[in-house]
Amino acid sequence: MSIRLTSRRCEEIKRIVVRMYRRYHIYSIPINGFELAAKMCIKVMPYSAFPASKRKLMLKQSKDGFSVLFDTGKWHIYYNDDMPFGRINNTIMHEIGHITLDHTEDSELAEKEVNFFAKYALVPPVLLERLSDQSVENIATVFGVSLEAAYNAKRYYWKWLHFGGEAYTPYESETMKLFKTVG
């Protein structure tokens with residue numbers, strides 16, 4: 001049986017994302033994981049910066065990327081720069097999710113949380129609502145995500161609309177104020 005996030009936890013993660021936008025002055029689309037990581041003092045390094053033997057080990061660790069907390073208390077994110085930008089950006093946001101949500105070990109639940117975190121952080125449905133052209137291709141272009149992520153964001157947007165998207169929560173209203181323009 002697959003683990004599901006509770007709606008309560010999803011709401012909590014959404015509030016955490018909006019606090020992150022405010023704290024790190026993220027006010028424009030597309031949301032750039034590299035920019036956010038820099039503001040959070042997280043060092044981000046591509047796999048290609050390492051010798052081939054080390055890159056092989058990194059790819060065994062993850063084909064996309066991973067994060068490491070050093071004894072100094074500093075976080076580093078390592079990512080596979082052979083991937084397209086949209087996927088890299090999602091990977092960076094995914095790892096920022098692990099850091100922000102203070103995950104200390106890998107688990108199915110932790111992965112569900114950070115996948116939701118990255119999806120919501122990169123394409124909040126309340127901002128998607130502002131687009132006049134909500135095609136998957138335009139979502140991918142405007143929000144700087146892969147076509148797959150854009151498709152998932154559009155599906156999530158429809159779900160959001162169905163379950164009350166017209167009545168904004170306080171964190172959605174704040175998101176609308178923080179991001180003056182989209183697209």
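Everything numeric in this text was worked out from a predicted model, so none of it was measured. Start at 1 with the first residue, then count along the sequence.
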What pair of heavy atoms forms the shortest contact from Ala150 to Val136, and how long is it? CB-O, 3.4 Å
How far does CZ of Arg155 sit from NZ of Lys119, to the nearest 0.5 angstrom? 8.5 Å
Given ring pair (Phe, Tyr, Trp, His ring centres under 6.0 Å), test Tyr171 with Tyr21 step by step and report yes or no. CA-CA 11 Å; Tyr171 62 81; Tyr21 294 152; over 10 Å; no
Judged by atom type as modelled, is there a donor-acceptor pair below 3.5 Å linking the side chain of Asp133 to the main-chain atoms of Asn138? no
Kindly indicate, with the supporting measurements, whether the criterion ring pair (Phe, Tyr, Trp, His ring centres under 6.0 Å) is fulfilled by Tyr78 and Phe66. CA-CA 5 Å; Tyr78 302 94; Phe66 58 95; 5.3 Å; yes
Hey, what do you get for SG (Cys10) to CZ (Phe116), rounding to the nearest 0.5 Å? 4.0 Å
If we ignore angles and hydrogens, is there a donor and acceptor under 3.5 Å between the side chains of His103 and Glu111? no
Show the nearest heavy-atom pair for residues Leu147 and Ala140, with the distance to one decimal. CD2-CB, 3.9 Å
Any side-chain heavy atom of Tyr156 within less than 4.5 Å of one from Tyr120? yes
Do Glu129 and Tyr168 pass the side-chain hydrogen bond (donor to acceptor under 3.5 Å, both in side chains) test, and can you show the C-alpha distance, the side-chain angles, and the key distance before you say yes or no? CA-CA 12 Å; Glu129 186 171 50; Tyr168 294 157; 2.5 Å; yes
Is it the case that more than 12 heavy atoms not belonging to Asp106 sit under 6.0 Å from its CG atom? no
Are the side chains of Phe143 and Leu122 in touch, meaning some heavy atoms are under 4.5 Å apart? no
Linking I/L/V/M/F/W/Y whenever any side-chain heavy atoms sit under 4.5 Å apart, do Ile92 and Phe70 land together? no
Is the closest side-chain heavy-atom distance between Arg130 and Met176 below 4.5 Å? yes
Under the side chain to side chain contact (heavy atoms under 4.5 Å, CB included) criterion, do Trp158 and Lys154 qualify, and how do the steps go? CA-CA 6 Å; Trp158 288 335; Lys154 187 169 183 171; 3.2 Å; yes
Compare all side-chain heavy atoms of Val17 with those of Lys14 and state whether any distance is below 4.5 angstrom. no
With hydrophobic residues grouped by side-chain heavy-atom distances under 4.5 Å, do Phe117 and Ile99 end up in a single group? yes
Can any side-chain N or O of Gln134 pair as donor or acceptor with the backbone N or O of Leu128 at less than 3.5 Å? yes
Tell me whether Tyr151 at atom OH has more than 12 heavy atoms from other residues, nucleotides or ligands lying less than 6.0 Å away. no
Tell me whether Asp81 contacts the main-chain N or O of Pro46 through its side chain, where contact means a donor paired with an acceptor under 3.5 Å. no
Identify the heavy atoms of Pro30 and Gly144 that sit nearest to each other, and give their distance. CB-N, 3.7 Å
Give a yes or no on whether Lys39 atom NZ has more than 12 heavy-atom contacts from other residues, nucleotides or ligands under 6.0 Å away. yes
Are any of the side-chain heavy atoms of Phe50 and Met45 separated by less than 4.5 Å? yes
Which atom pair, heavy atoms only, marks the closest approach of Phe34 to Asn89? N-OD1, 4.4 Å
Between Arg8 and Glu11, is there a salt bridge with N-O shorter than 4.0 Å? no
Are Phe85 and Met93 linked, directly or through intermediate hydrophobic residues, by side-chain heavy-atom contacts shorter than 4.5 Å (ILVMFWY only)? yes
Euclidean distance, Ser107 OG relative to Ile3 CD1, rounded to 0.5 Å: 6.5 Å
Any chain of hydrophobic side-chain contacts (each under 4.5 Å) joining Ile16 to Leu178? yes
Check whether any side-chain heavy atom of Arg9 sits under 4.5 Å from a side-chain heavy atom of Glu12, and report yes or no. yes
Full working for side chain to side chain contact (heavy atoms under 4.5 Å, CB included) between Leu109 and Leu5: CA-CA 8 Å; Leu109 178 60; Leu5 293 180; 3.6 Å; yes
Under 3.5 Å side-chain donor-acceptor pair for Asp64 and Ser62: no
What distance separates Asn80 CG from Gln61 CD, expressed to the nearest 0.5 Å? 13.0 Å
In the structure I gave you, are the side-chain heavy atoms of Glu35 and Ile26 within less than 4.5 Å of one another anywhere? yes
Within this structure, what is the NZ-CZ distance for the pair Lys60 and Arg55, rounded to the nearest 0.5 Å? 15.0 Å
Say whether Glu172 and Trp160, considering side chains only, have a donor N or O and an acceptor N or O under 3.5 Å apart. yes
Any chain of hydrophobic side-chain contacts (each under 4.5 Å) joining Tyr79 to Val68? no
Test side chain to side chain contact (heavy atoms under 4.5 Å, CB included) applied to Ile96 and Ile77, step by step: CA-CA 8 Å; Ile96 288 172; Ile77 295 174; 4.0 Å; yes
Give me the atom names and distance for the closest heavy-atom approach of Ala118 to Asn90. CB-OD1, 3.8 Å
Apply side chain to side chain contact (heavy atoms under 4.5 Å, CB included) to the pair Leu57 and Leu59, showing each step before the final yes or no. CA-CA 5 Å; Leu57 293 173; Leu59 283 166; over 6 Å; no
Value for OG1 (Thr100) from CH2 (Trp75), rounded to nearest 0.5 Å, stands at 9.5 Å
Pairwise side-chain contact, Val142 with Leu131, heavy-atom cut-off 4.5 Å (strictly under): yes
All heavy atoms of His98 vs all of Val114, minimum pair found to be N-CG1, 3.3 Å
